[in-house]
Enquirer: 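I am attaching a structure below and will ask some questions about it afterwards.
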Amino acid sequence: MACIYGDIMKIDTTGASEATAKQDKLTIKGVAASKKLAENDLKRMEKYKSLIIKVGKAQKMDPAVVAAIISRESRAGAVLKDGWGDHGNGFGLMQVDKRYHTPVGAWDSEQHLTQAIEILIGSIQAIKKNFPQWTQEQCFKGGISAYNAGPGNVRTYENMDKGTPGHDYANDVVARAQWFRSKGY
């Protein structure tokens, strides 16, 4: 699958923070914690695998990244109530924020994934515009962070996750995506 935004396997990552790892009562942090969090979501994620791959291909977005965002945002749907999370502000598997976007489709639908991936692509493009000197992979990672906290939150490459939940959003998502790649996403 050709992802035109970069190669997730070439992106450096520190993985999940201790705060994020504690979601699953893990005593580890970093890349190992991100992999374990993703692994804990794998069974639920399998239900959406063909849809993730279909929409990812259509949008030229790496399905492993889509799976990783779903894992991070909604734990593959496990933390949602009637499709909603984040105190009723986040919609769907990829948690489209109703304060900034008008959610479309059902919470686990192709329309929802397409919309969320379009938001991610817009975030990557904003980072490319803001940081023209960054490599493609740096912009990809910055766009992942911006998907969560907005392009204005990304000020430096090293500290792009400052201000995201757990201060580890892109690093955690990248590590989860690298793991999901090994599972055929």
Side-chain angles (χ1 to χ4, degrees), residues 1-11 13 15-16 20-21 23-26 28 30-86 90-97 101 103-124 136-137 140-141 143-148 164-166 168-185:
M1 207 296 300
C3 174
I4 61 173
Y5 303 100
D7 182 350
I8 200 70
M9 301 308 286
K10 290 182 180 172
I11 300 177
T13 179
T20 298
Q23 287 177 8
D24 286 12
K25 299 177 177 47
L26 301 179
I28 53 174
V31 173
S34 293
K35 288 177 178 178
K36 185 65 181 160
L37 290 159
E39 185 181 342
N40 291 347
D41 293 336
L42 183 62
K43 191 170 182 188
R44 286 184 306 276
M45 194 69 71
E46 290 292 313
K47 177 177 171 184
Y48 308 110
K49 186 174 185 177
S50 61
L51 182 62
I52 290 166
I53 292 169
K54 176 184 177 187
V55 178
K57 281 184 177 171
Q59 297 287 326
K60 296 182 174 49
M61 178 55 64
D62 188 334
V65 173
V66 177
I69 291 173
I70 291 171
S71 175
R72 170 70 186 222
E73 290 284 350
S74 71
R75 303 308 304 272
V79 301
L80 304 180
K81 185 168 172 43
D82 298 322
W84 292 89
D86 190 23
F91 179 73
L93 290 170
M94 292 180 75
Q95 289 293 279
V96 171
D97 194 318
H101 308 278
V104 300
W107 67 272
D108 58 353
S109 68
E110 183 174 340
Q111 295 92 326
H112 164 69
L113 292 184
T114 299
Q115 178 186 30
I117 293 167
E118 287 171 353
I119 294 166
L120 173 60
I121 291 167
S123 298
I124 295 165
Q136 187 175 24
E137 275 73 25
F140 196 5
K141 186 177 181 184
I144 290 168
S145 183
Y147 175 82
N148 176 264
T164 66
D168 67 347
Y169 189 86
N171 280 290
D172 181 32
V173 167
V174 167
R176 291 187 201 210
Q178 290 170 346
W179 187 85
F180 277 115
R181 171 69 60 79
S182 74
K183 300 301 169 197
Y185 285 84

Enquirer: Please find the pair of heavy atoms, one from Gln136 and one from Ile4, that lie closest to each other, and give the distance.
Expert: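 Gln136 and Ile4 have their closest heavy atoms at NE2-O, 2.7 Å.
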
Enquirer: Just jot down the side-chain hydrogen bond (donor to acceptor under 3.5 Å, both in side chains) partners of Glu110, sequence neighbours excluded, or say none.
Expert: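 Partners of Glu110 under the side-chain hydrogen bond (donor to acceptor under 3.5 Å, both in side chains) test: Lys54.
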
Enquirer: Answer yes or no: is there a donor N or O on one side and an acceptor on the other, between the side chain of Glu39 and the main chain of Trp179, under 3.5 Å?
Expert: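 Not a single qualifying donor-acceptor pair exists.
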
Enquirer: Tell me, please, which residues at least two apart from Lys47 pass side-chain hydrogen bond (donor to acceptor under 3.5 Å, both in side chains).
Expert: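 Residues passing side-chain hydrogen bond (donor to acceptor under 3.5 Å, both in side chains) with Lys47: none at all.
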
Enquirer: Do you know which two heavy atoms are closest between Leu93 and Leu80, and how far apart they sit?
Expert: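 Taking every non-hydrogen atom into account, N-CD1, 4.1 Å.
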
Enquirer: Checking Ser109 now: which residues fulfil side-chain contact (heavy atoms from CB on, under 4.5 Å) with it, not counting sequence neighbours?
Expert: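 For Ser109 the side-chain contact (heavy atoms from CB on, under 4.5 Å) partners, ignoring immediate neighbours, are Ala106, Gln111, His112.
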
Enquirer: Do Arg181 and Gln178 have side chains that get closer than 4.5 Å, going by heavy atoms?
Expert: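 Not in contact.
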
Enquirer: Does some side-chain heavy atom of Ile69 sit less than 4.5 Å from a side-chain heavy atom of Leu120?
Expert: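 Yes. Closest side-chain heavy atoms under 4.5 Å.
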
Enquirer: Thr20 versus Asn171: any side-chain heavy-atom pair under 4.5 Å?
Expert: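 Heavy-atom side-chain distance check fails, nothing below 4.5 Å.
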
Enquirer: Mind running side chain to side chain contact (heavy atoms under 4.5 Å, CB included) on Val173 and Tyr147 for me, showing each step along the way?
Expert: CA-CA 11 Å; Val173 167; Tyr147 175 82; over 6 Å; no

Enquirer: Can you tell me how far apart CD1 (Ile144) and OH (Tyr169) are? Round to the nearest 0.5 Å.
Expert: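 Result: 8.0 Å between the selected atoms.
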
Enquirer: Looking at residues at least two apart in the chain, or sitting in another chain, which of them share a side-chain contact (heavy atoms from CB on, under 4.5 Å) with Ile121?
Expert: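 So Ile121 forms a side-chain contact (heavy atoms from CB on, under 4.5 Å) with Tyr5, Gln59, Met61, Ile117, Gln125.
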
Enquirer: Please list all pairs meeting ring pair (Phe, Tyr, Trp, His ring centres under 6.0 Å) that have one or both residues in residues 35-85, counting only residues at least two apart or in different chains.
Expert: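 Non-adjacent pairs meeting ring pair (Phe, Tyr, Trp, His ring centres under 6.0 Å): Trp84-Phe91.
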
Enquirer: What closest approach, in Å, do Leu37 and Gln23 show between heavy atoms, and which atom pair accounts for it?
Expert: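 Looking at all heavy atoms of both residues, the closest pair is CD2-OE1, 4.4 Å.
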
Enquirer: Of all residues at least two apart in sequence or in a different chain, which pass the side-chain contact (heavy atoms from CB on, under 4.5 Å) check with Ala21?
Expert: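 Per chain and number, Ala21 pairs via side-chain contact (heavy atoms from CB on, under 4.5 Å) with Leu26, Ala33.
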
Enquirer: Excluding sequence neighbours, so at least two apart, what forms ring-ring contact (aromatic ring centres under 6.0 Å, His included) with Phe180?
Expert: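 So Phe180 forms a ring-ring contact (aromatic ring centres under 6.0 Å, His included) with Tyr185.
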
Enquirer: Of all heavy-atom pairs between Ala76 and Arg44, which one has the smallest distance, and what is that distance?
Expert: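 Reported closest heavy-atom pair: CB-CB, 3.6 Å.
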
Enquirer: Please enumerate all residues that pass side-chain hydrogen bond (donor to acceptor under 3.5 Å, both in side chains) together with Asp24, with sequence neighbours excluded.
Expert: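 With sequence neighbours excluded, Asp24 shows a side-chain hydrogen bond (donor to acceptor under 3.5 Å, both in side chains) to Asn40, Arg75, given in chain and number order.
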
Enquirer: Quick one: which residue pairs count as a salt bridge (Lys or Arg N to Asp or Glu O under 4.0 Å) with a foot in residues 63-73, not counting sequence neighbours?
Expert: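 Salt bridge (Lys or Arg N to Asp or Glu O under 4.0 Å) check on residues 63-73 returns Arg72-Asp168, Arg72-Asp172.
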
Enquirer: Using side-chain contact (heavy atoms from CB on, under 4.5 Å) as the criterion, list what pairs up with Ala175, not counting sequence neighbours.
Expert: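 Partners of Ala175 under the side-chain contact (heavy atoms from CB on, under 4.5 Å) test: Thr13, Val31, Ser34.
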
Enquirer: Show the nearest heavy-atom pair for residues Ala116 and Val96, with the distance to one decimal.
Expert: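 So the minimum-distance heavy-atom pair works out to CB-CG2, 3.9 Å.
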
Enquirer: Show, in sequence, the C-alpha distance, side-chain angles and deciding distance for Asp108 and Leu51, and conclude whether the side chain to side chain contact (heavy atoms under 4.5 Å, CB included) test is met.
Expert: CA-CA 9 Å; Asp108 58 353; Leu51 182 62; over 6 Å; no

Enquirer: According to side-chain hydrogen bond (donor to acceptor under 3.5 Å, both in side chains), who are the partners of Ser71, at least two apart in sequence or on a separate chain?
Expert: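 Ser71 satisfies side-chain hydrogen bond (donor to acceptor under 3.5 Å, both in side chains) with Asp41, Arg176 once adjacent residues are dropped.
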
